[in-house]
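Here the structure is a predicted model, which is why all the values come from computation and not from measurement. Numbers here are sequence positions counted from 1. First listed ligand is number 1; within each ligand, the first listed atom is number 1.
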Amino acid sequence: MENQKKVMVSGIQPSGDLHLGNYLGPLRHWPEMIEEFDCYFFMADLHTITVRQDPAALRRRTLTQIAQYIACGLDPEKCVLFVQSHVPAHSQLGWVLDCYTMFGELSRMTQFKDKSAKNADNINAGLFTYPSLMAADILLYQPDFVPVGEDQKQHVEICRDIAERFNGVYGDVFKVPEPYIAKVGARIMGLSAPESKMSKSAPEGCVFLMEKPEDIMRKFKRAVTDSDTENPVRYDPKAKPGVSNLIQIYAAATGKSYEAVEAEFAGQGYGVFKSVVGEAVIECLRPIREETERLLADKAYLESIWRAGAERAERTAIKTLRKVYKKVGFLPR
Ligand code: ATP
Ligand code: LTN
């Protein structure tokens, strides 16, 4: 047991095109992990329908996301890539965990409150029980870590509570995982509204991975800064949220420290700074975009990846599901 590799699992919803926040937050770190850990990465399409979707667009984005995972460096030979809805155990365990998740704790979830405010005409039960399905996604694979951005920490915490509650009744069925949040890039803010996180729901301040270089540059040139002329390029998220966010993006895209970035632009104005950050992001994303386009032209290859991924994921998932069914007292088929 001791010598076994540690396990990681994570997913992103194909609810919009992947953006710089998704990339610099969690996704960029995943390829480093596949050498060291047993990793499961999936497209969270079941979660995506908690908000109404256009079916053709959902299919297209799921396909693009698989290509992007691979283009970002997730070698499908070295990790398991799959589509959540292809592995029924997610929904099956999700239902069981619904029965071990409390109304009160679901009501306190920040994401539920935010999304219900944004979708007031469609506050459906799936949006409410989103966290217990996410707990199922995680617990099926008995992982040690769940690499996500800062905003998902609360969901990993409720997953731990659900696992502990279940284990408290039935013994050690689930491993209780830890969130794994990178320091630089944990929360990339929007370019046009740096007080809220970069999100596809505010597209003018959001840089998408597949965007054209000239559009990316235009967004950076328009990025909100401030009127400080004394010592402009300085990391101070409270007093200078826009500038600090650009420093964070540049540091994450180039691997430089905040101090090195401040030194590099000492005495310079925002015009130069914004162009250099834009250029660094364009160069960071260029190979990903090109590789994604190449992969999307070979649908048969992508299909072979998601098929093999679903089989491998299912082999692990079904073991946990069987154990759970037995513990709760379901009659075996
Ligand atoms: P939504 O706009 O619906 O909230 P999103 O664009 O935030 O969606 P998600 O699918 O919720 O994207 O997030 C996928 C992953 O990317 C999660 O691990 C999340 O924590 C991370 N993430 C999303 N936005 C950011 C951001 N701005 N900075 C850092 N990480 C982010
Ligand atoms: N809620 C996550 C997506 C997600 C996820 C998961 C992440 C669904 N299931 C399991 C980690 C582990 C989000 O990124 N919005």
Side-chain angles (χ1 to χ4, degrees), residues 7-30 39-53 61-62 65 68-69 72 82-85 87 90-91 93-94 97 109-119 126-127 129-141 143-160 162-163 177-203 205-209 241 245 248-249 252 313 317:
V7 178
M8 287 219 174
V9 60
S10 196
I12 298 182
Q13 303 180 70
S15 52
D17 293 323
L18 287 181
H19 58 72
L20 197 60
N22 303 137
Y23 181 66
L24 295 181
L27 188 49
R28 156 177 83 109
H29 298 285
W30 294 356
C39 292
Y40 297 85
F41 296 117
F42 61 94
M43 330 298 136
D45 58 348
L46 296 175
H47 279 105
T48 304
I49 63 162
T50 54
V51 172
R52 204 64 77 229
Q53 302 292 326
R61 289 195 307 260
T62 308
Q65 195 171 306
Q68 287 177 311
Y69 276 14
C72 286
F82 66 101
V83 178
Q84 186 188 27
S85 65
V87 182
H90 289 246
S91 310
L93 182 61
L97 296 185
M109 292 290 114
T110 317
Q111 182 176 294
F112 173 66
K113 290 191 237 169
D114 289 351
K115 296 221 164 160
S116 358
K118 280 189 201 147
N119 301 283
L127 197 61
T129 61
Y130 183 114
S132 43
L133 176 60
M134 177 156 162
D137 301 335
I138 297 171
L139 298 175
L140 279 173
Y141 300 93
D144 297 274
F145 300 109
V146 185
V148 284
E150 184 69 42
D151 62 301
Q152 292 298 314
K153 195 169 167 208
Q154 197 185 31
H155 284 158
V156 181
E157 272 158 10
I158 192 179
C159 166
R160 290 168 55 88
I162 297 168
E178 304 276 346
Y180 184 100
I181 299 167
K183 287 204 178 64
V184 176
R187 205 170 154 78
I188 301 290
M189 311 310 274
L191 298 184
S192 47
E195 53 293 335
S196 27
K197 71 165 191 167
M198 182 177 283
S199 156
K200 66 215 160 224
S201 39
C206 180
V207 173
F208 295 97
L209 300 196
N245 186 42
Q248 177 183 215
I249 292 174

Quick test: of every protein heavy atom, which one is nearest to [atom], and how far off is it to 0.1 Å?
atom                    : answer
atom 3 (O) of ligand 1  : K115 NZ, 3.0 Å
atom 31 (C) of ligand 1 : G21 O, 3.5 Å
atom 6 (O) of ligand 1  : H19 NE2, 2.7 Å
atom 2 (O) of ligand 1  : S199 OG, 2.8 Å
atom 27 (N) of ligand 1 : I188 O, 2.7 Å
atom 7 (O) of ligand 1  : K197 NZ, 2.5 Å
atom 19 (C) of ligand 1 : D151 OD1, 3.2 Å
atom 18 (O) of ligand 1 : G149 N, 3.1 Å

Distances only, to 0.1 Å: what are the N or O pairs between ligand 2 and the protein that fall under 3.5 Å?
unit_1, atom_1, unit_2, atom_2, d
ligand 2, 1 (N), Y130, OH, 2.6
ligand 2, 1 (N), Q152, OE1, 2.9
ligand 2, 9 (N), D137, OD2, 2.6
ligand 2, 15 (N), Q13, NE2, 3.4
ligand 2, 15 (N), Y130, OH, 3.2
ligand 2, 15 (N), Q152, NE2, 3.2

Suppose I only count heavy atoms of [X] and a 4.0 Å limit; which atoms of ligand 1 are within that range?
X    : value
I12  : 10 (O), 14 (C)
V148 : 18 (O)
P26  : 15 (C), 16 (O), 18 (O), 21 (C), 30 (N)

Identify which of D17, N245, N22 has a heavy atom lying nearest to atom 22 (N) of ligand 1.
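Of the listed residues, N22 has the closest heavy atom.
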For atom 17 (C) of ligand 1, the option (of K200, Q152, R187) bearing the nearest heavy atom:
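Considering heavy atoms of K200, Q152, R187, the nearest to atom 17 (C) of ligand 1 sits in Q152.
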Closest approach of F82 and V87, non-hydrogen atoms and distance?
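Between these two residues, the closest heavy atoms are CD1-CG2, 3.7 Å.
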What's the shortest heavy-atom distance between P177 and R160, and which atoms?
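So the minimum-distance heavy-atom pair works out to O-NH1, 2.8 Å.
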Closer than 3.5 angstrom, by distance alone: can the side chain of [X] be matched with the main-chain N or O of [Y] as a donor-acceptor pair?
X    : Y    : answer
S10  : P147 : yes
E150 : A186 : no
Q68  : L209 : no

Taking everything shown except K153 itself, do over 12 heavy atoms lie less than 6.0 Å from its NZ?
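Atom NZ in K153 is not packed in, count stays at 12 or less.
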Tell me every residue that passes side-chain hydrogen bond (donor to acceptor under 3.5 Å, both in side chains) with Y23, counting only those two or more places apart in sequence or in another chain.
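For Y23, no residue satisfies side-chain hydrogen bond (donor to acceptor under 3.5 Å, both in side chains) once neighbours in sequence are set aside.
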Work out whether the distance between some heavy atom of G16 and some atom of ligand 1 is less than 4.0 Å.
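No, G16 has no heavy atoms under 4.0 Å from ligand 1.
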Close aromatic pair by centroid cut-off 6.0 Å: F42 and H90
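Yes - the distance between ring centres of F42 and H90 falls below the 6.0 Å cut-off.
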Can you tell me how the ring of F41 sits relative to the ring of W30, calling it parallel under 30°, perpendicular over 60° and tilted otherwise?
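F41 vs W30 ring planes: parallel.
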